[in-house]
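Report on the following structure.
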Amino acid sequence: MKTRKNLVVTYIKNVLVIAIIAVGLYWGIKALNKGYNNEEYETVKTNMLLIQGKTEVIAQKVEIEEEGAEYIGTKIQDKQDDAKIQNLVNNNVINLKSEDNNYYCIDNSNLEELGLSEINIDDYYIVDYKQNDVIYVDGIQDEAGNTVYKLSDME
């Protein structure tokens with residue numbers, strides 16, 4: 001009888017130890033994942049700040065009509081049918097009909113032209129030369145869990 005009782009007690013102890021380990025692993029993985037998301041967010045934000053700095057200079061040169069100065073990128077009207085752009089329009093991130101904006105799409109070749117070859121992207125960013133803002137077409141979640149697209153919304 002004592003042997004059976006000892007087996008039950010041992011079994012309960014083992015279950016408790018396994019449960020404690022599982023809870024510890026859960027919280028550890030959750031903490032690591034949060035750290036990774038913060039790092040990715042900061043990387044995207046830093047890249048957008050670099051792009052903003054370079055495109056602001058270009059916008060100023062175009063505005064003062066410096067010889068040979070022109071916007072870098074592809075006019076957004078040329079990519080208007082792109083699904084990511086339609087998503088941004090539907091979510092009121094960009095307004096293609098507004099005259100207060102001047103949107104251009106910036107891809108990897110444009111980044112090289114800007115002297116930012118260290119930034120490598122899968123798709124493209126959108127630059128608003130009039131508002132001096134940069135838009136990340138994929139969006140990224142901030143600490144509150146909201147999807148953010150514009151650099152101006154990250155600051």
Side-chain angles (χ1 to χ4, degrees), residues 15-16 18-155:
V15 168
L16 286 173
I18 291 171
I20 291 170
I21 290 171
V23 169
L25 284 173
Y26 170 78
W27 287 107
I29 290 171
K30 192 170 181 177
L32 286 174
N33 192 24
K34 184 176 181 182
Y36 172 75
N37 288 341
N38 287 341
E39 184 177 318
E40 182 182 10
Y41 181 86
E42 290 301 321
T43 300
V44 169
K45 183 177 176 182
T46 300
N47 290 344
M48 292 171 77
L49 285 166
L50 289 168
I51 294 168
Q52 182 186 44
K54 295 285 188 170
T55 56
E56 182 177 15
V57 171
I58 291 170
Q60 290 172 356
K61 287 180 179 181
V62 170
E63 189 175 318
I64 63 170
E65 299 177 0
E66 184 177 296
E67 186 176 328
E70 59 183 31
Y71 296 123
I72 292 179
T74 306
K75 283 190 169 202
I76 200 166
Q77 287 78 7
D78 297 342
K79 289 187 156 199
Q80 208 165 354
D81 296 331
D82 187 281
K84 291 188 179 194
I85 291 176
Q86 287 304 313
N87 180 47
L88 294 172
V89 170
N90 294 340
N91 288 322
N92 296 319
V93 176
I94 61 174
N95 182 357
L96 297 178
K97 295 177 183 170
S98 172
E99 292 188 19
D100 293 335
N101 305 99
N102 191 9
Y103 297 116
Y104 278 75
C105 299
I106 305 286
D107 60 16
N108 285 324
S109 63
N110 301 129
L111 289 172
E112 284 183 28
E113 196 175 340
L114 289 168
L116 298 172
S117 57
E118 67 275 3
I119 298 175
N120 191 9
I121 53 176
D122 293 332
D123 283 319
Y124 51 90
Y125 286 96
I126 296 174
V127 175
D128 182 355
Y129 281 102
K130 278 191 179 176
Q131 301 296 322
N132 191 33
D133 205 358
V134 181
I135 300 165
Y136 182 53
V137 294
D138 294 326
I140 191 160
Q141 285 195 351
D142 61 8
E143 287 184 11
N146 302 317
T147 302
V148 181
Y149 296 94
K150 291 183 173 187
L151 178 60
S152 59
D153 294 338
M154 291 180 168
E155 300 175 319

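One is the number of the first residue; the rest follow in order along the sequence.
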Separation of [Y] [atom2] from [X] [atom1] (nearest 0.5 Å):
X    : Y    : atom1 : atom2 : value
M48  : I135 : CE    : CD1   : 7.5 Å
Q141 : N146 : CD    : CG    : 8.0 Å
K79  : C105 : NZ    : SG    : 5.0 Å
I119 : L111 : CD1   : CG    : 5.5 Å
D82  : T74  : CG    : OG1   : 11.0 Å
L151 : I51  : CG    : CD1   : 9.5 Å

message: Looking at N90, I want to see if its CG is surrounded by more than 12 non-hydrogen atoms of other residues, nucleotides or ligands under 6.0 Å.
response: yes
Would D128 and N132 count as having a side-chain donor-acceptor pair, cut-off 3.5 Å?
no
Under 3.5 Å side-chain donor-acceptor pair for Y149 and D133 | no
By salt bridge (Lys or Arg N to Asp or Glu O under 4.0 Å), K84 pairs with (sequence neighbours left out) D123, D138
With sequence neighbours excluded, what pairs up with [X] under the side chain to side chain donor-acceptor pair (under 3.5 Å) test?
X    : result
Y103 : N101
T46  : none
N120 : N108

How about [X] and [Y]: do any of their side-chain heavy atoms sit closer than 4.5 Å?
X    : Y    : result
Y124 : V137 : yes
L96  : I94  : yes
L50  : E118 : yes

Review point. Is the backbone N or O of G115 less than 3.5 Å from a side-chain atom of K54, with the two atoms forming a donor-acceptor pair by type?
Key: no
| message | Quick check against the 3.5 Å criterion: does S98 have a side-chain atom that pairs as donor or acceptor with the backbone of N95? | response | no
Minimal heavy-atom distance between K130 and D100, with the atoms involved, is CB-O, 3.5 Å
Here the pair of heavy atoms bringing Y129 nearest to I106 is OH-CD1, 4.1 Å
Starting from the C-alpha separation in whole Å, work towards a yes-or-no answer on side chain to side chain contact (heavy atoms under 4.5 Å, CB included) for I126 and I76. CA-CA 8 Å; I126 296 174; I76 200 166; 3.8 Å; yes
* Checking side chain to side chain contact (heavy atoms under 4.5 Å, CB included) for the pair Y41/M154: CA distance, chi angles, key distance, verdict? -> CA-CA 9 Å; Y41 181 86; M154 291 180 168; 3.4 Å; yes
Sorted by chain and number, sequence neighbours left out, side chain to side chain contact (heavy atoms under 4.5 Å, CB included) with Q77 holds for K75, Q80
Tell me, with the steps shown, if N110 and D107 meet side chain to side chain contact (heavy atoms under 4.5 Å, CB included). CA-CA 5 Å; N110 301 129; D107 60 16; 2.8 Å; yes
Name each donor-acceptor pair under 3.5 Å that joins a side chain in residues 59-67 to protein atoms two or more places apart or in another chain, with its distance.
none

TODO: Test side chain to side chain contact (heavy atoms under 4.5 Å, CB included) on L114 and I58 and set out the steps.
DONE: CA-CA 9 Å; L114 289 168; I58 291 170; 3.2 Å; yes
- Query: Taking the six-membered ring for Trp, is the centroid-to-centroid distance between Y71 and Y104 below 6.0 Å?
  - Reply: yes
